[in-house]
Amino acid sequence: MNVVQHTLRSAKGRIWPAAKSGEYLLAARRRLFAAICVLIGISGVTSGTITGLQYFAAAPLIAVAGVLVPFMIGVLPFLIRADWSIDKFAFGVLSALYVHMIVMVSAPSREAAIVYFAAIPVLFGLLVGFRAGVLSGIVTIGTIAVLANSVVPWWMCLTTGILTFGLTLGVCIFQREIEHTTAYLIARDIEVTDATQHQQETNQLLQQTLSNIEQGIVVYAADMRMIAWNDNYEQLMEFPKGWLHSDRTIEDYYRFNAMRGEYGEIDAANVDEAVQRRMRELHFDGVEITPHRYVRRRPNGRSIEIIGNPMPDGGLVVTFADITDKEEARLAIERLAWTDSLTELFNRNSLRSTIVRSMKIVRRANKRLALLMLDLDRFKPVNDTYGHAAGDEILRVIAERLKENIRASDYAFRLGGDEFAALVFLSLGDAEIYDMMPRLLQRLRAPVVFEGREISVGASIGISFFPNSDENPDELVRKADIALYEAKESGRNCYRIYDELVDHKAQKQRRYEDDLRDAVNRKEFELDYLAKYCLKSDTVNGAEALIRWRHPEFGRIPPDEFMPIVERGDLVFPVGAWVLTEAWRQAHKWTQDHPALDFLLSANISARLFFDASLMRLLRELAASRPDLAARIDLEITEEVTVGDVDEAARIIQQINDLGFKISIDDFGTGYSSISYLHKLPVHRIKIDKSFLDSFSDGGQSETVIKSMIELGHNLGMKVVAEGVETQEQFDFLRDNHCDEIQGYFISKPTTVDAFSGMLSGKQIAERRRA
């Protein structure tokens, strides 16, 4: 197969137009070749016939061959219409040589024979190919050499052979060059057509890709001309129809946006400046373009995220995505993260960052900053009594009042629960705070009207200032917290400003908190016992167990100094469990020592411990160890425990009763709904709070209240215990009004276990009867 055929067949089916033109060339050559072969065959037949007639008698086979073989040479290629292979070429050449022999014999002249011999190989080389032409020339030379003596002189044969071979070789080389040139032209045509089709396919694929991209997209060439974009880009950015075309540059885009107000209100005279400024910001002013990403809010309110990525050739691809919904969701999440949903004040998460920014402002302005930490007073009982709806309304009102009493440049926060804070910029010095606080406290404690009821809560406020001895925002918060704690300790509904004395007290509290964690393991706790006196039998019939802490450095610490720390932290159960276990152990010992003695040992249970499931597990373990001893243990809870969820409290109390333990309501009368819930609770005793006896006077209002409490308790089937009895007058009043038991310094101060054991051994308290 020649070069042109190979090129065409490899291209056929890929680039049809180029292959088709090549096929026309080969078809023409085949037709010419077939025509010449026919002419050769006709001439051979003619000459063979003439020769055959002359030599038929002497050589009949030669005569027949002279007729048939040329006929086959001329007719066969025309019939098969196919390219000839090398064996067919050889067959044709040998057949032609036979014709040559016949012609040599019958040629009218020597010159005609030589011309005929020279023409045949040349035509074979031209029409068939290089190999056939060379083979034909060689065979011709050999034939001439064999027939030289009988036809022509040897020098003429040699000369004719050399000339014929040279002419044949030249024609064959020329044929080969034609083939290569033709193949090159066809290949180039194929390559150009292939490249053109590839470019068309690439452009079509690019356009399909751009059209299927959800975002808007625009592609810029190295000279910042637009070379491709999709419909989404045109629609998203609201370009006029036909505005986009390949001559537009990125500067044209910025200018168009500036003039239609995409970058805000810009005067016509300042458009050029705005465009150049934007080019510089995004490095389109000759500086190497860098990847960029930003969000732009369009005048129509939509938020567009724009991302630009440079290409290796210096071009740029920019995508435009409408992220309005995503941006609104992000801002909503951010508001939730930094804003309190109930009051719409800033929340705890934003406090520190706001302090840091505010510190920088006052430092530059050479001013002062005050941090106010607020806690509402009596909020939890009110919230438990009137419900969460009332509590939420109170928090909203307090938030509004707080904002009303600070400037618009100040910040207000709700930190969680009933905790608030405020950052106040002081332009006139610290004296502004002293003027502001009385008004703020008065406004905060003003009644809040909810469903026709007036509900009052106050606030305790702690204050710290910046700049001070340090510039740490965390220290500013810590010092305000310390001052707030001092305000609560000072009776609430007041404010305190941080000072070193308050800090020393707070540091002592933190030291207590650290040491309390190991106090149980180091066995530093102990119990004192406050005697209970039965007015009917005039005997000590029980005691209240009071925890004491013997600190290795500070000595004996009363419970009012460390129990608030226990209540606020995670030591409620370990400490409460130790008190119950120690009281149980001591009750067991006294029962063994005095089997006939009827007494009741009380222990206080905090609100957090009461609702902790660990308490019930501990009580079950104790009751299982000695069921009869449970009746000797009285668990005292405050009204605060029950007012939140009376039904849940009643359920837990009943479970405790089922185990055999007793339950008392401590500090009765100081709550908000004592009578409304008391009948629902299966308790055994109520303890009249000490505050009623402190204001006791003959014929006063407190006497009426105390009488009513005693009567209420008895009517509900409960025993009544009075706390804080310190005078003979109080003692006689309670006995005359049939109070069941009393406790207080008039009977005995809290004493050690050994001293109280002496009371139980028969040494009665001095008789308190009147004559």
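D418 places none of its side-chain heavy atoms less than 4.5 Å from the side chain of D377. The shortest side-chain heavy-atom distance between F413 and L345 does not fall under the 4.5 Å cut-off. In this structure, the side chains of L546 and N604 come closer than 4.5 Å at one or more pairs of heavy atoms. In this structure the side chain of L441 reaches within 4.5 angstrom of the side chain of Y495, judged on heavy atoms. Side-chain contact check for I547 versus L527: some heavy-atom pair is nearer than 4.5 Å. At a threshold of 4.5 Å between non-hydrogen side-chain atoms, the residues L535 and L734 count as touching. Counting heavy atoms from C-beta outward, E723 and I742 have side chains that stay 4.5 Å or more apart. Proximity of K687 to Q743: side-chain heavy atoms (C-beta onward) are separated by under 4.5 Å at one or more points.
Crowding of E404 atom CD: a count of heavy atoms from other residues, nucleotides or ligands under 6.0 Å exceeding 12. Dense packing is recorded around CZ of F554, with more than 12 heavy atoms of other residues, nucleotides or ligands lying under 6.0 Å away. With a 6.0 Å radius and a threshold of 12 heavy atoms from other residues, nucleotides or ligands, Q655 has its CD atom above the threshold. The neighbour count for K662 NZ, taken as heavy atoms of other residues, nucleotides or ligands under 6.0 Å away, is above 12. A 6.0 Å sphere centred on CZ of R407 holds more than 12 heavy atoms belonging to other residues, nucleotides or ligands. A 6.0 Å sphere centred on CG of N366 holds no more than 12 heavy atoms belonging to other residues, nucleotides or ligands. No more than 12 heavy atoms of other residues, nucleotides or ligands lie within 6.0 Å of CD in E344, so this atom counts as exposed by the packing criterion. Heavy atoms from other residues, nucleotides or ligands lying under 6.0 Å from NZ of K403 number more than 12.
In this structure a side-chain-to-backbone donor-acceptor pair under 3.5 Å is missing from R522 to F525. The backbone N or O of G458 sits nowhere less than 3.5 Å from a side-chain atom of N493 that would complete a donor-acceptor pair. Proximity of a side-chain donor or acceptor of R632 to a complementary backbone N or O of F661 within less than 3.5 Å is not detected. A donor-acceptor contact shorter than 3.5 Å is absent between the side chain of N737 and the backbone of C739.
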CA sep, side-chain torsions, deciding dist, call: E741, R685, salt bridge (Lys or Arg N to Asp or Glu O under 4.0 Å): CA-CA 10 Å; E741 299 170 359; R685 286 174 172 77; 3.4 Å; yes

CA sep, side-chain torsions, deciding dist, call: R453, E451, salt bridge (Lys or Arg N to Asp or Glu O under 4.0 Å): CA-CA 6 Å; R453 299 179 180 179; E451 295 182 350; over 6 Å; no

Verdict with reasoning, D634 to S664, per side-chain hydrogen bond (donor to acceptor under 3.5 Å, both in side chains): CA-CA 7 Å; D634 179 34; S664 297; 2.6 Å; yes

Criterion side-chain contact (heavy atoms from CB on, under 4.5 Å) on H684 and N657, from CA distance to verdict: CA-CA 10 Å; H684 301 85; N657 286 338; 3.0 Å; yes

Check against side-chain contact (heavy atoms from CB on, under 4.5 Å), L374 and E419: CA-CA 6 Å; L374 297 84; E419 300 177 68; over 6 Å; no

Step-by-step side-chain contact (heavy atoms from CB on, under 4.5 Å) determination, F346 to D340: CA-CA 6 Å; F346 293 111; D340 175 58; over 6 Å; no

L600 vs N541, side-chain contact (heavy atoms from CB on, under 4.5 Å): CA-CA, chis, key distance, verdict: CA-CA 7 Å; L600 195 65; N541 68 336; over 6 Å; no

Considering only distance and modelled atom types, tabulate donor-acceptor pairs under 3.5 Å from the side chains of residues 573-584, sequence neighbours left out.
residue: T581; atom: OG1; partner: A577; partner atom: O; Å: 2.7
residue: E582; atom: OE1; partner: R585; partner atom: NE; Å: 3.3
residue: E582; atom: OE2; partner: R585; partner atom: NE; Å: 3.4
residue: E582; atom: OE2; partner: R585; partner atom: NH2; Å: 2.4

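To the nearest 0.5 Å, atom CD of residue E432 and atom CE of residue M437 are 11.0 Å apart. Interatomic distance, CD1 of I406 versus CZ of R401, reported as 15.0 Å (0.5 Å rounding). To the nearest 0.5 angstrom, D689 atom CG is 11.0 Å from F668 atom CZ. To the nearest 0.5 Å, the span separating CG on L444 from CG on L376 amounts to 7.5 Å. Annotation: the span from M373 atom CE to S464 atom OG amounts to 8.5 Å, rounded to 0.5 Å. Taking CG of D410 as the reference point, atom OG1 of T354 lies at 12.0 Å (rounded to 0.5 Å).
Contact between L601 and A587 at its shortest, heavy atoms only, is CD2-CB, 4.1 Å. When all heavy atoms of T343 and A399 are compared, the pair lying nearest together is CB-CB, 3.6 Å. Annotation for P473 and R352: closest pair CG-NH2, 3.7 Å, computed over non-hydrogen atoms. The minimum heavy-atom distance between V566 and L571, with the atom names listed, is CG1-O, 3.7 Å. The shortest non-hydrogen separation linking G713 to I686 is CA-CD1, 3.9 Å. Residues K680 and A650 come closest through the heavy atom pair O-CB, 3.7 Å.
Between W549 and H551, the angle of the ring planes goes over 60°, which puts this pair in the perpendicular group of the 30/60° scheme.
Of the options F733, Y533, F731, a ring pair (Phe, Tyr, Trp, His ring centres under 6.0 Å) to F746 is made by F731 and by none of the others.
Partners of H738 according to the ring pair (Phe, Tyr, Trp, His ring centres under 6.0 Å) rule, which considers only residues two or more places apart in sequence or in another chain, do not exist here. Residues meeting the side chain to side chain donor-acceptor pair (under 3.5 Å) test with E393, sequence neighbours left out: R396.
At least one cation-pi condition fails for K488 and Y485: the charged atom is not both under 6.0 angstrom from the six-membered ring centre and inside a 45 degree cone around its axis.
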